[in-house]
Amino acid sequence: MKKLRANMDRYFDKLEERWQALPVRKQHQYTLYFFVGYLLLTAGVIFKVWYDTSKSGNDMIIEHIENPVLKKNGSPARLQDSVSTILKNQIYERK
């Protein structure tokens, strides 16, 4: 892990040296390009979210959450013993 960190530190140091070797005007130009790219990406994402939410048929239905265990028409004891019941039925060939 230390070797990986050392390699990464060396790589970033070289990258920093290359950045500092560039003229200030070129640094400013690259920074401006990256900012414009980020701005376009952000605007695209915001537009996509706005477009998706404005389409008709994307209504959110809010309902009461019901417990699925209470919906079943069986006793809780029968639900707990279902595995043993299945095994007994297979052993004694019941259906």
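Start at 1 with the first residue, then count along the sequence. Computed from heavy atoms alone, side chains included, the values below leave out hydrogens, waters and symmetry copies.
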Visitor: With sequence neighbours left out, what residues match D13 under side-chain hydrogen bond (donor to acceptor under 3.5 Å, both in side chains)?
Guide: none
Visitor: Please enumerate all residues that pass side-chain hydrogen bond (donor to acceptor under 3.5 Å, both in side chains) together with Q20, with sequence neighbours excluded.
Guide: E16
Visitor: Which hydrophobic side chains are connected to L40, either touching it within the sub-4.5 Å cutoff or through other members that do?
Guide: V36
Visitor: side-chain contact (heavy atoms from CB on, under 4.5 Å) with F12: which residues, sequence neighbours excluded?
Guide: M8, L15
Visitor: Would you say Y30 and V24 are hydrophobically clustered, going by side-chain heavy atoms of ILVMFWY under 4.5 Å?
Guide: no
Visitor: What pairs with D9 under side-chain contact (heavy atoms from CB on, under 4.5 Å), at least two apart in sequence or on another chain?
Guide: R5
Visitor: Mind checking what makes ring-ring contact (aromatic ring centres under 6.0 Å, His included) contact with Y38, not counting sequence neighbours?
Guide: none
Visitor: Excluding sequence neighbours, so at least two apart, what forms side-chain hydrogen bond (donor to acceptor under 3.5 Å, both in side chains) with R18?
Guide: none
Visitor: List, one per line, each side-chain donor-acceptor pair under 3.5 Å for residues 43-50, sequence neighbours excluded.
Guide:
residue: K48; atom: NZ; partner: D52; partner atom: OD1; Å: 3.2
residue: K48; atom: NZ; partner: D52; partner atom: OD2; Å: 3.2

Visitor: Mind checking side-chain hydrogen bond (donor to acceptor under 3.5 Å, both in side chains) for Q29 and listing every partner two or more places apart, or none if nothing turns up?
Guide: Y33
Visitor: Show me the pairs that pass salt bridge (charged side-chain N to carboxylate O under 4.0 Å, His left out) and involve residues 25-47, at least two apart or across chains.
Guide: none
